[in-house]
Amino acid sequence: MTNSIADIHLAEVLLVTGSNTTEAHPVISLEMKKAVRQRGAKLILIDPREIELADFATLHLRPRSGTDVALLNSMAHVIIGRGWAKEEFIAARTENFDALREAVKESTPQWGEDVTGVPAEMIEEAAQVYSQAGSAAIFWAMGITQSSHGVDNVQALANLALLTGNFGKPGSGVNPLRGQNNVQGACDMGGLPNVLTGYQQVADENARAKFENAWQTSVKIPSKPGLTVTEMMNGVLDGRIKALYILGENPMLSDPNTNHVKEALEKIEFLVAQDIFLNETAQLAHVVLPGVSFAEKEGTFTNTERRVQLVRAALPVRGDARRDLDIICDLGQRLSRADAKNSSDAIRPVSDWNYADAAAVWDEIAALTPSLAGISHERLDPRGIQWPCPAADHPGTPILHKEKFTRGLGKFTPLVFREPMENPDSEYPFTLNTGRILQHWHGGTMSRRSEGLDWVVPEGEIQINDADGERLGIASGEMIRVASRRGEATGKARLTDKLPRGMVFMNFHFAEVPANALTGDAVDPVAKIPEYKVSAVKIERI
Amino acid sequence: MIKPDRIVATTCPYCGVGCTLNLHIKENVVYRVTSPFDAPANHGNLCVKGRFGYDFIHSKDRLTKPLMRKDGELAPAKWDGALGHVAERLLEIRDKYGPDSIGFLLSAKCTNEENYLLQKVARGLIGTNNVDHCARL
Ligand code: SF4
């Protein structure tokens, strides 16, 4: 998020798209409702489903799945055409405006209606409400990014915020709502193929040299970015990847095209899983290393507003399990000892992988990462700090891009609308959409072992529209089969008027009703995020 | 009412909002979760997962021993054997097929410190940038 949870209620207009906030980020949805109910903010909701937030929306736009860029381009067309753009802001703080104007010249509201199904007047009204607000904040989640053109979607949203000067002030900004509790942190820590900590590029020679010197290891960090998850799975199948080390994840349930992942993990020469449960992925491993839960460890998580916060050990470690940090340090010691023995470059000492505690590991991170340099565990007690925090006396940064953008000027990105990779057709006439529900989490490893949560929602349902159900002779509670070109899943049908006709909705929390057996491998060409929200499927009674 | 032995403030393990949790503990069991009103991200609000989703901590399914595959089956092992085997196999595979034949999946559920150290293993000891996590997922 460019802005903070604490300033959501200051927005005059909220534009929420691709986020079922009340289910996936419940506490943030409370702030949104507060803005609407208590402070009279207007909510523009863009979502094909009638989700709970629709009750709070001034405008609810329901585009056909996968047509986000068309809708947003069309809004940009209206804002520019009507003279609602903030010219001063555009002149002072942005570049490439002409390219955007050119790109959306033909994207009239009528064209927008033809492509997305949203009435032209509604597109105009949304453009007006968003652009006329003193402060307007955009929020999105996986509904925007899990697409074969997710990066385009995000840039189309950023274009709107740039057009209207909605950056760098309270109640504005572009605000992705991160899914997992520490997705933000995993990215910040270099958990991506192309960057080290704090998004320092592996391609940058100086950055590499800095880390190599600090780490004192005998191998060099390659300058070429590595493979993404999806590419690694493909790499196993084509023989490039021989070993995988998987920390606390269950790609068997969470990755697209489950059958493909299973094939890969069964084939791989050496698989290590470090986890707290013997999940579907760990069951295939050659070695399983038992770590501990959040309640038994020290460290930090970074939330969606970039706030680094403390995790404190509340319970002793169980049985023979070990703290994850100790496991990784032990492995590091073993590898570096072996490496030192084999190394021809014997003069160079290897780092000893002895850290007193998690705080000491953090100090190493801070020393190597300018945006985190001012943060220490001590300073995080009790409220955490939002990065960037470059110095020990810096208070942290609740709002990004105040005076200028990280790159200097904000850049408009001209975008061309592209259809999703797989649209419904006569053989597979329905569009499958996937997502989370409130009571469960991800692969269900934690939530399904919590009695209360599993009692409220014990099984995965397949939602279809009332009228579609009637037409096919399917009633709520009956078993149905959903099939795509890649696989199938069976489960109980639930008829609802909250879905548009032609849509099937499944959550991905239940291994017995595996939504991701159906989803495809299509990924965004830049971010490599799979297209989870649009797959063509057919349904039948069984 | 049960009196806790201690209350430990920490951060919710479920979603990216990052609510502050106060874990109430009696005889090393979490029996209640609350949140302080001045918590920075959530002002004392919690959703059903944060407030009630803690049974998994005490689940009987928790792994308590390292496991190694023997004759096709996973069997309990000692730490020294398990980690020794991991280190040995990773180096063997690196030497035979090159560092880019090994991949590391970090975790959006693990701490910053753990993620940092595992990518340090990948980049600094194995010598590969094949480092990713399931955030895109
Ligand atoms: S309590 Fe609910 S909203 Fe808060 S961090 Fe946990 S899962 Fe997210």
Side-chain angles (χ1 to χ4, degrees), chain A residues 5 26-27 178 180 182-183 185-186 189-191 193 215 217 219 221-222 226-229 232 241-249 254 270 286-288 290 293-295 299-301 303-304 309 311-312 314 319-321 324 328 334-335 358 361 365 383 441 446-447 449-453 529, chain B residues 8 10-11 13-14 16-18 23 28 40-42 45 47 52-53 55-57 59 61-69 82-83 86-87 89 91 93 97 101-119 121 123-125 127 129-130 132-137:
Chain A
I5 298 169
V27 167
R178 310 303 304 256
Q180 297 264 26
N182 201 31
V183 174
M189 289 303 112
W215 290 347
T217 58
V219 303
I221 302 168
L227 303 179
T228 63
V229 183
M232 284 187 222
I241 294 287
K242 304 289 184 191
L244 277 177
Y245 192 116
I246 302 181
L247 171 66
E249 296 277 4
S254 60
F270 189 58
H286 297 92
V287 181
V288 180
S293 82
F294 81 109
T300 54
F301 292 150
N303 79 352
T304 191
Q309 305 192 96
V311 177
R312 293 187 185 81
D320 241 3
D324 296 85
I328 301 168
R334 286 167 197 267
L335 289 170
V361 178
I365 299 166
R383 298 183 59 82
W441 188 251
M446 297 177 349
S447 61
R449 285 189 178 81
S450 290
E451 222 179 298
L453 300 182
I529 302 181
Chain B
V8 179
T10 189
T11 306
Y14 283 100
V17 179
L23 305 181
N28 283 331
N42 59 306
N45 293 316
C47 84
F52 301 113
D55 293 349
F56 78 92
I57 301 171
S59 163
D61 299 343
R62 285 277 305 271
L63 286 167
T64 53
K65 276 187 173 40
L67 305 172
M68 282 171 80
R69 198 164 288 279
L83 273 175
V86 172
R89 289 292 281 137
L91 290 174
I93 289 172
Y97 303 105
S101 65
I102 303 176
F104 289 81
L105 295 189
L106 273 48
S107 174
K109 305 228 69 71
C110 285
T111 64
N112 289 327
E113 291 78 1
E114 290 152 2
N115 279 304
Y116 167 76
L117 283 187
L118 192 58
Q119 66 91 40
V121 166
R123 295 192 160 109
L125 290 172
N129 282 321
N130 289 341
D132 201 3
H133 67 287
C134 295
R136 357 174 155 254
L137 308 174

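The basis for the numbers below is simple: all heavy atoms, side chains too, and nothing from hydrogens, waters or symmetry mates. Reminder, nothing fancy here: chain letters follow the sequence lines and each chain counts from 1.
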**Student:** Which atoms of A:L227 are under 4.5 Å from chain B, going by heavy atoms: the side chain, the backbone, both sets, or neither?
**Tutor:**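 For A:L227, backbone and side chain are both near chain B.
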**Student:** Could you check if a side-chain atom of B:T11 sits within less than 4.5 angstrom of a side-chain atom of A:N182, using non-hydrogen atoms only?
**Tutor:**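 B:T11 does not reach A:N182 side chain to side chain.
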**Student:** Are B:T64 and A:P290 close enough that some pair of their side-chain heavy atoms sits under 4.5 Å apart?
**Tutor:**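 Result no, sub-4.5 Å side-chain heavy-atom pair not found.
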**Student:** Do B:L83 and A:R334 come within less than 4.5 Å of each other through their side chains, counting heavy atoms only?
**Tutor:**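 They are in side-chain contact.
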**Student:** Say whether, by atom type as modelled, one donor and one acceptor occur between the side chain of A:E249 and the main chain of B:L105 under 3.5 angstrom.
**Tutor:**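 A pair under 3.5 Å: no.
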**Student:** Does the side chain of B:L125 reach to within under 4.5 Å of the side chain of A:W215, using non-hydrogen atoms?
**Tutor:**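 No, too far: nothing below the 4.5 Å cut-off.
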**Student:** Give a yes or no answer on whether the side chain of B:H133 reaches the backbone of A:A186 with a donor-acceptor pair at less than 3.5 Å.
**Tutor:**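 Not confirmed, B:H133 side chain does not pair with A:A186 backbone.
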**Student:** Can you tell if the side chain of A:I221 reaches within under 4.5 Å of the side chain of B:N129, non-hydrogen atoms only?
**Tutor:**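 Answer yes - side chains close enough.
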**Student:** Residues two or more places apart in sequence or in another chain: which of them pass salt bridge (Lys or Arg N to Asp or Glu O under 4.0 Å) with B:R62?
**Tutor:**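 Scan of B:R62 (salt bridge (Lys or Arg N to Asp or Glu O under 4.0 Å), adjacent residues dropped) gives A:E296.
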**Student:** Does the side chain of B:I102 reach to within under 4.5 Å of the side chain of A:F270, using non-hydrogen atoms?
**Tutor:**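 No, every pair of side-chain atoms sits at 4.5 Å or beyond.
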**Student:** Answer yes or no: is there a side-chain heavy-atom contact under 4.5 Å between A:V361 and B:T111?
**Tutor:**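 SC-SC contact between A:V361 and B:T111 ruled out.
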**Student:** Using the side-chain hydrogen bond (donor to acceptor under 3.5 Å, both in side chains) criterion, which residues pair with A:R312? Sequence neighbours excluded.
**Tutor:**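 Per chain and number, A:R312 pairs via side-chain hydrogen bond (donor to acceptor under 3.5 Å, both in side chains) with A:D381.
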**Student:** Please flag which part of B:Y97 lies under 4.5 Å from any non-hydrogen atom of chain A: side chain, backbone, both or neither.
**Tutor:**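 Answer is side chain: those atoms of B:Y97 sit under 4.5 Å from chain A.
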**Student:** If you apply the rule side chain to side chain contact (heavy atoms under 4.5 Å, CB included), what do you find for B:R89 with A:V287, and how did you get there?
**Tutor:** CA-CA 11 Å; B:R89 289 292 281 137; A:V287 181; over 6 Å; no
**Student:** For A:V27, is there any backbone N or O sitting under 3.5 Å from a side-chain donor or acceptor partner on B:N45?
**Tutor:**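 Pair absent, no side-chain N/O of B:N45 close to backbone of A:V27.
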**Student:** Give a yes or no answer on whether the side chain of A:N303 reaches the backbone of B:V17 with a donor-acceptor pair at less than 3.5 Å.
**Tutor:**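 Indeed, once roles are kept as given, a pair shorter than 3.5 Å links the two residues.
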